[in-house]
Amino acid sequence: NNDSCGPGITSTINAMLRTDEELADALDGPCFVANSRTVEYLTSWAGMETWLTSNLTTNLLKIRDDLTDVLAIVLLIFQRFTYDEFILQKTSPESYRDQDKMDQFYHWSRASVQPWL
């Protein structure tokens, strides 16, 4: 019940307890589990997804990180209006196509949580 523990806890537990079939591409593919459609709306608006992952934005102008910081603020403000308990959203292509980045992220994550293992 969302009224008793809140949408953040509900959606987190909901995502953890989903079956492999329900999680589909979130396990080994280009998706992640979310609880707000704000990112979907923002990235579909005016080709934002293509623009954010373009060579111009990422490598030439090097403003992708700044743009995603601004989008994170927008997400925090508007996520409550597009809440759902379980949403699979597409992630950025480099997060699942670049094996080196995936390995670096894994090693960084492992080192970060090592004190609690």
Side-chain angles (χ1 to χ4, degrees):
N1 183 343
N2 288 343
D3 296 334
S4 62
C5 62
I9 293 171
T10 301
S11 58
T12 301
I13 292 172
N14 189 27
M16 290 183 339
L17 299 177
R18 291 286 178 160
T19 66
D20 289 357
E21 289 173 353
E22 291 171 307
L23 290 172
D25 283 341
L27 293 175
D28 251 346
C31 294
F32 63 96
V33 176
N35 65 0
S36 171
R37 295 200 183 277
T38 304
V39 172
E40 285 179 9
Y41 297 148
L42 288 172
T43 57
S44 66
W45 177 68
M48 181 79 73
E49 181 179 6
T50 304
W51 197 72
L52 276 174
T53 59
S54 73
N55 186 49
L56 174 69
T57 305
T58 305
N59 298 320
L60 298 177
L61 298 177
K62 299 187 186 297
I63 59 171
R64 181 173 184 234
D65 289 346
D66 296 329
L67 290 173
T68 55
D69 288 346
V70 170
L71 290 175
I73 293 168
V74 171
L75 173 63
L76 288 173
I77 294 168
F78 292 102
Q79 68 183 352
R80 68 182 308 188
F81 302 111
T82 61
Y83 168 78
D84 198 352
E85 287 185 357
F86 183 74
I87 302 169
L88 289 179
Q89 287 184 344
K90 196 172 177 190
T91 189
S92 60
E94 63 269 15
S95 67
Y96 62 91
R97 288 187 191 153
D98 188 329
Q99 189 62 46
D100 288 338
K101 284 185 182 176
M102 289 174 17
D103 292 342
Q104 289 172 4
F105 181 66
Y106 172 80
H107 292 299
W108 172 84
S109 299
R110 179 124 180 140
S112 295
V113 300
Q114 189 61 42
W116 296 278
L117 295 179

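Trp108 meets the ring pair (Phe, Tyr, Trp, His ring centres under 6.0 Å) test with Phe105; sequence neighbours excluded. Scored by the side-chain contact (heavy atoms from CB on, under 4.5 Å) test, Arg110 finds Tyr106, Gln114, Leu117 as partners (sequence neighbours excluded). Judged as a salt bridge (charged side-chain N to carboxylate O under 4.0 Å, His left out), and not counting sequence neighbours, Asp66 has no contacts. Asp100 is linked by a side chain to side chain donor-acceptor pair (under 3.5 Å) to nothing, counting only residues two or more places apart in sequence or in another chain. In this structure, the side-chain contact (heavy atoms from CB on, under 4.5 Å) partners of Ile77, at least two apart in sequence or on a different chain, are Ile73. Taking the side chain to side chain donor-acceptor pair (under 3.5 Å) definition, one finds that Ser36 meets it with Thr38, Thr82, sequence neighbours left out. In terms of the side-chain contact (heavy atoms from CB on, under 4.5 Å) criterion, residue partners of Asn55 (sequence neighbours excluded) are, by chain and number, Asn59, Leu60. By the side-chain contact (heavy atoms from CB on, under 4.5 Å) test, Gln104 is found to be paired with no residue, residues two or more places apart in sequence or in another chain being considered.
Summarising the hydrophobic clusters (Ile, Leu, Val, Met, Phe, Trp, Tyr; side-chain heavy atoms under 4.5 Å, direct or chained), the residues clustered with Leu75 are Val39.
Atoms CZ and CD1, from Arg37 and Ile87 in turn, are 4.0 Å apart once rounded to the nearest 0.5 Å. The CG atom of Asp65 sits 8.5 Å away from atom OG1 of Thr58, with the distance rounded to the nearest 0.5 Å.
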Can you list, pair by pair, the side-chain donor-acceptor contacts under 3.5 Å of residues 15-24, counting residues two or more places apart and other chains?
| residue | atom | partner | partner atom | Å |
| --- | --- | --- | --- | --- |
| Arg18 | NE | Asn14 | OD1 | 3.2 |
| Arg18 | NH1 | Glu22 | OE2 | 3.0 |
| Arg18 | NH2 | Asn14 | OD1 | 3.4 |
| Thr19 | OG1 | Glu22 | N | 3.2 |
| Thr19 | OG1 | Glu22 | OE1 | 3.2 |
| Glu22 | OE1 | Thr19 | N | 2.9 |

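A donor-acceptor pair under 3.5 Å is formed between the side chain of Asp98 and the backbone N or O of Lys101.
Criterion: ILVMFWY side-chain heavy atoms under 4.5 Å apart, direct or through other members. Under it, Leu76 and Val70 are not part of a common hydrophobic cluster. Following chains of ILVMFWY side-chain contacts shorter than 4.5 Å, one can reach Leu56 starting from Leu71, so the two form part of one hydrophobic cluster. Using a 4.5 Å cut-off between side-chain heavy atoms of Ile, Leu, Val, Met, Phe, Trp and Tyr, with links allowed through other members, Leu67 and Leu61 fall into the same hydrophobic cluster.
You'll find the side chain of Leu88 reaches within 4.5 Å of the side chain of Val33, heavy atoms only.
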